[in-house]
Amino acid sequence: MTGTDMHDEAKDSGPGGYAAARLRLLTEGARSGPPRRTALADLTDTWLTGLFAAGTREPRGVSLVAVGGYGRAELSPRSDLDLLLLHDGGDLEAVTALADRLWYPVWDLGLALDHSVRTPTEARRTAGEDLKVQLGLLDARHLAGDPGLTASLRTAVLADWRDQAPKRLPELRELCAERAERQGELQYLLEPDLKEARGGLRDATALRAVAASWLADAPREGLAEARRRLLDVRDALHLATGRATDRLALQEQDQVASQLGLLDADALLRRVYEAARVIAYAGDVTWREVGRVLRSRAARPRLRALLGGGRPTAERSPLAEGVVEQEGEVVLARTARPERDPVLPLRAAAAAAQAGLPLSPHAVRRMAAVARPLPTPWPAEAREQLVTLLGSGRPTVEVWEALEAEGLVTLLLPDWERVRCRPQRNAVHRWTVDRHLVETVVRASALARRVGRPDLLLVAALLHDIGKGWPGDHSVAGEVIARDVAARIGFDHHDVTVIAALVRHHLLLVETATRRDLDDPATVRAVAGAVGTQGTLELLHALTEADALATGPAAWSSWRASLVADLVKRVSVVLTGSPSEDPGAAVPTTEQERLALEAVATGGPVLALRARTEPPAEPQESSGDPEPLGVELLVAVPDQPGVLPAVAGVLALHRLTVRTAELRAVDLPDGVDATVLLLDWRVAAQYGSLPQAARLRADLVRALDGTLDVAGRLAERDAAQPRRRGVAAPPPRVTVASAASRLATVIEVRAQDAPGLLFRIGRALEGAGVRVRSAHVSTLGANAVDAFYVTRAQGAPLPGEEAVTVARKLEEALRT
């Protein structure tokens with residue numbers, strides 16, 4: 001039977017004919033999705049129009065209006081019929097009779113009906129009092145009767161909505177947030193509510209309402225398709241259950257997947273999650289834009305009064321090379337060229353996460369459209385920016401989602417596609433595989449102060465379950481993938497091996513601690529043999545905790561934590577070898593000796609700037625060209641107090657980021673009776689070009705003789721910077737490494753990298769009256785991991801209690 005035949009049957013045969021035609025439409029295997037929803041709406045329109053006109057006389061001043069989902073002509077098999085009988089207030093008796101003639105046949109067929117009878121004034125008043133009524137009327141569609149009455153109501157309702165948008169949109173946002181709190185995230189739930197959960201059909205409808213307000217609009221890319229997919233799943237769910245349900249229960253998923261032609265329930269959930277992710281991200285962007293517009297409107301009258309009219313230019317504050325902040329978002333600088341700068345997506349993402357700001361969707365879309373692939377292996381800056389992004393804590397999630405929305409994550413890490421939106425059918429797990437990996441990174445960032453190589457911890461956290469996209473044991477498969485990814489990212493052979501081992505054994509500690517006898521020496525030896533080194537054990541302990549915390553509340557407890565800590569302590573005893581020793585004064589190079597002798601001759605600091613490179617980590621997989629590491633700054637200074645804070649402070653004033661640094665005394669040729677400190681730094685400009693060496697030297701001379709107030713200048717600049725949320729980083733941790741050296745006391749500092757950090761450390765150590773014999777500084781992403789070999793003024797190591805006091809005071813200074 002054709003669609004025309006069905007409509008004729010529905011019109012001519014009354015309710016029975018409509019029911020038969022409806023049943024045939026719903027059981028047609030060839031028609032599904034939007035065509036079936038539209039056909040069902042058309043069929044229902046025909047039937048209701050016939051009921052409306054079936055009276056003895058034509059109703060006047062009355063119209064029948066479809067609202068809500070029916071108004072959008074989107075009828076699922078068990079959808080409610082949302083109807084408004086609109087009248088001009090004339091013949092109320094006739095209106096009542098007409099309502100009975102419409103509503104009773106619908107009820108007789110067992111169809112759900114949401115109905116109302118109102119005048120246009122009543123409808124507008126009710127909409128003003130009830131936001132849900134107003135949202136339904138935004139989709140009003142004329143069915144029968146007086147079209148002018150319907151048109152005038154639509155016009156009035158839209159005008160009301162636009163006039164009241166500054167008040168109603170915050171209410172709508174609050175409704176969406178409350179619903180998300182109750183129903184959870186559609187993109188992660190094993191039994192999601194397709195309509196009510198965050199990222200579901202209700203949110204898609206809310207975005208339509210925002211667009212109708214003309215105040216802001218949602219990103220349109222993929223939004224209509226995501227909504228269609230959720231509607232298709234709901235159609236199949238209604239047919240599978242025979243009920244008007246929106247909850248995709250576990251027992252229904254295989255049947256729903258079969259109806260949609262999908263392989264299995266996992267494929268179904270992945271399709272739902274992908275759609276929900278698009279809608280949820282569009283919602284985040286849209287509500288952020290609504291907030292920006294409303295704040296701008298509120299501020300505009302005040303600004304006009306202050307500026308005497310005119311439109312103020314949006315302030316742009318630099319964050320990194322090619323990246324600026326504008327109106328609370330991270331955008332590309334006007335000079336940025338993403339088509340020529342393959343590191344820019346990672347640099348922008350890292351800057352956004354560190355500042356605690358969202359990435360502009362327009363910037364992400366532009367980078368995704370023109371960005372060049374990174375070379376293999378990645379350049380050092382790309383690796384550092386990735387680690388910085390991963391170490392940014394909770395803001396990493398929002399920035400990662402922005403990259404995901406435009407496909408940049410899979411462009412950077414192709415193996416990510418296998419775990420993207422992949423469900424985990426385990427009641428312990430709260431997230432999909434990909435979201436669990438990002439959550440583990442967030443948890444690991446909070447543990448960065450516990451490990452000497454936070455960069456390896458963060459990358460291993462990102463990759464530890466990457467094998468779940470492949471057959472077999474995910475730890476075994478993941479080890480192979482992690483080894484390949486880490487090498488592509490640009491880690492050297494040793495670091496690649498450590499990351500691969502962490503992924504392979506990420507379940508080892510918790511499984512051994514909870515299932516094996518820890519008093520059995522063989523158990524401890526087996527773990528020690530698998531882990532290999534004390535450094536890897538330290539990383540694995542932190543990864544174990546981060547993984548469990550990211551899994552869900554049932555996966556970690558104080559009892560499990562104590563068992564794992566006991567096992568780690570026992571394994572550490574087996575792995576601990578002889579303590580390391582400070583290398584002392586190494587033999588200087590010819591250039592270093594030349595600079596040192598010049599410093600002795602001039603009695604002041606001498607500087608040299610030069611590009612620094614190193615061979616690629618995997619020459620057989622690359623062109624063999626050396627990799628640029630930044631700029632090396634060599635500073636030779638006659639030994640005197642305050643050298644470390646002076647040099648660090650001057651670099652901070654010139655906005656130079658220190659990636660690595662070493663300070664040590666230089667052995668000079670026989671006959672030269674002087675001590676020279678050599679500082680070897682690798683630096684990079686935060687943005688813009690590098691300063692000239694002559695300017696650096698002039699400022700350093702002034703810093704050493706006390707005529708340049710470094711602390712005051714840095715404080716003034718910080719006060720002038722716009723205040724941002726920034727990253728809620730773990731607090732700094734300062735410890736004394738006992739027995740690490742016989743010649744000096746080793747103080748280890750692990751802290752969040754920030755402009756002036758090394759200056760503050762050096763000033764605090766100088767204030768404590770200790771001499772820095774040598775220093776070894778590393779910046780791993782946003783984490784500073786530094787070691788300072790200090791002595792008393794006479795050259796002896798600090799006594800135990802004094803060393804602890806110095807460490808405690810340094811930690812307090814860094815916390816303020």
Undergrad: Assess whether side-chain contact (heavy atoms from CB on, under 4.5 Å) is satisfied between Leu346 and Leu374, documenting all intermediate values.
TA: CA-CA 10 Å; Leu346 283 170; Leu374 285 164; 4.0 Å; yes
Undergrad: Which heavy atom of Val527 sits nearest a heavy atom of Leu509, and at what distance?
TA: CG1-CD2, 4.0 Å
Undergrad: Could you tell me whether the side chain of Leu403 reaches within less than 4.5 Å of the side chain of Leu389, counting heavy atoms only?
TA: yes
Undergrad: Kindly compute the distance separating CG (Leu758) from OG1 (Thr779), expressed to the nearest 0.5 Å.
TA: 8.0 Å
Undergrad: Could you tell me the separation between the CG atom of Asp680 and the CD atom of Glu662, rounded to the nearest 0.5 Å?
TA: 6.5 Å
Undergrad: Any chance you could lay out the side-chain contact (heavy atoms from CB on, under 4.5 Å) test for Gln354 and Gln752, step after step, and finish with the verdict?
TA: CA-CA 10 Å; Gln354 282 289 295; Gln752 182 80 2; 3.2 Å; yes
Undergrad: Is there a side-chain contact between His505 and Thr536, using heavy atoms and a 4.5 Å cut-off?
TA: no
Undergrad: Which atoms form the tightest heavy-atom contact between Thr440 and Leu543, and what is the distance?
TA: CG2-CD1, 4.3 Å
Undergrad: Answer yes or no: is there a side-chain heavy-atom contact under 4.5 Å between Leu508 and Val531?
TA: yes
Undergrad: Passes side-chain hydrogen bond (donor to acceptor under 3.5 Å, both in side chains), Gln534 versus Ser572? Steps please.
TA: CA-CA 6 Å; Gln534 180 68 21; Ser572 180; 3.0 Å; yes
Undergrad: Around Arg516, counting heavy atoms of other residues, nucleotides and ligands shown, do more than 12 lie under 6.0 Å from its CZ?
TA: no
Undergrad: Please find the pair of heavy atoms, one from Leu502 and one from Leu456, that lie closest to each other, and give the distance.
TA: CD1-O, 4.2 Å
Undergrad: Rounded to the nearest 0.5 Å, how far does CG of Leu359 lie from CH2 of Trp400?
TA: 12.5 Å
Undergrad: Answer yes or no for Arg430 and Tyr188: cation-pi contact, defined as NZ/CZ to six-membered ring centre under 6.0 Å and angle to ring axis within 45°.
TA: no
Undergrad: Pick one: which of Arg422, Gln424, His429, His506 meets side chain to side chain donor-acceptor pair (under 3.5 Å) with Asp465?
TA: His506
Undergrad: For His436 and Thr551, what are the C-alpha separation, side-chain angles and deciding distance, and is it a side-chain contact (heavy atoms from CB on, under 4.5 Å)?
TA: CA-CA 7 Å; His436 168 70; Thr551 298; 3.3 Å; yes
Undergrad: Give the intermediate values and the outcome of salt bridge (Lys or Arg N to Asp or Glu O under 4.0 Å) for residues Glu811 and Arg449.
TA: CA-CA 12 Å; Glu811 186 172 283; Arg449 304 292 176 263; over 6 Å; no
Undergrad: State which residues pass salt bridge (Lys or Arg N to Asp or Glu O under 4.0 Å) with Asp473; sequence neighbours excluded, sorted by chain then number.
TA: none
Undergrad: Could you tell me if the side chain of Asp455 sits less than 4.5 Å from the side chain of Asn783, heavy atoms only?
TA: no
Undergrad: Do the side chains of Arg435 and Glu185 get close enough for a salt bridge, i.e. N-O under 4.0 angstrom?
TA: no
Undergrad: For Arg270, is there an ion pair with Asp266 - N to carboxylate O distance below 4.0 angstrom?
TA: no
Undergrad: Rounded to the nearest 0.5 Å, what's the gap from CD on Glu404 to CZ on Arg420? Could you check?
TA: 6.5 Å
Undergrad: Nearest 0.5 Å, what's the OG1-CZ distance between Thr735 and Arg750?
TA: 6.0 Å
Undergrad: Would Arg504 and Val476 count as a side-chain contact (heavy atoms from CB on, under 4.5 Å) if you check the C-alpha gap in whole Å, the side-chain angles of each, and the deciding distance to 0.1 Å?
TA: CA-CA 6 Å; Arg504 174 66 180 87; Val476 176; 3.8 Å; yes
Undergrad: Between Leu248 and Leu189, is there a side-chain heavy-atom distance shorter than 4.5 Å?
TA: no
Undergrad: Please round to the nearest 0.5 Å and tell me the distance separating atom OG1 of Thr512 and atom CG of Leu563.
TA: 11.5 Å
Undergrad: Tell me, with the steps shown, if Asp434 and Arg277 meet salt bridge (Lys or Arg N to Asp or Glu O under 4.0 Å).
TA: CA-CA 12 Å; Asp434 58 339; Arg277 192 165 290 186; 2.6 Å; yes
Undergrad: Does any N or O in the side chain of Trp431 come within less than 3.5 Å of the main-chain N or O of Ala550, such that one atom is a donor and the other an acceptor?
TA: yes
Undergrad: Are Thr497 and Phe491 side-chain neighbours, meaning at least one heavy-atom pair lies under 4.5 Å?
TA: no
Undergrad: Step through the shown structure and confirm whether more than 12 heavy atoms of other residues, nucleotides or ligands are within 6.0 Å of CD on Gln251.
TA: yes
Undergrad: Quick one: closest heavy-atom pair of Val734 and Leu810, and the distance?
TA: CG1-CD2, 3.9 Å
Undergrad: Under the 3.5 angstrom rule, does the side chain of Arg760 hit a backbone N or O of Ala813 as a donor-acceptor pair?
TA: yes
Undergrad: Can any side-chain N or O of Ser392 pair as donor or acceptor with the backbone N or O of Thr388 at less than 3.5 Å?
TA: yes
Undergrad: Specify the closest pair of heavy atoms between His464 and Val503, including all atoms of both residues, with the distance to one decimal.
TA: O-CG1, 3.7 Å
Undergrad: With Glu538, which residues qualify under side chain to side chain donor-acceptor pair (under 3.5 Å), at least two apart?
TA: none
Undergrad: Answer yes or no: is there a side-chain heavy-atom contact under 4.5 Å between Leu507 and His474?
TA: yes
Undergrad: Do the side chains of Leu437 and Trp416 get nearer than 4.5 Å, heavy atoms only?
TA: yes
Undergrad: Looking at Arg570 and Leu518, would you say the former's side chain and the latter's main chain have a donor-acceptor pair under 3.5 Å?
TA: yes
Undergrad: How far apart are the closest heavy atoms of Cys421 and Glu274, and which atoms are they?
TA: SG-CG, 3.6 Å
Undergrad: Would you find a donor on one side and an acceptor on the other, under 3.5 Å apart, between the side chain of Arg383 and the backbone of Gly490?
TA: yes
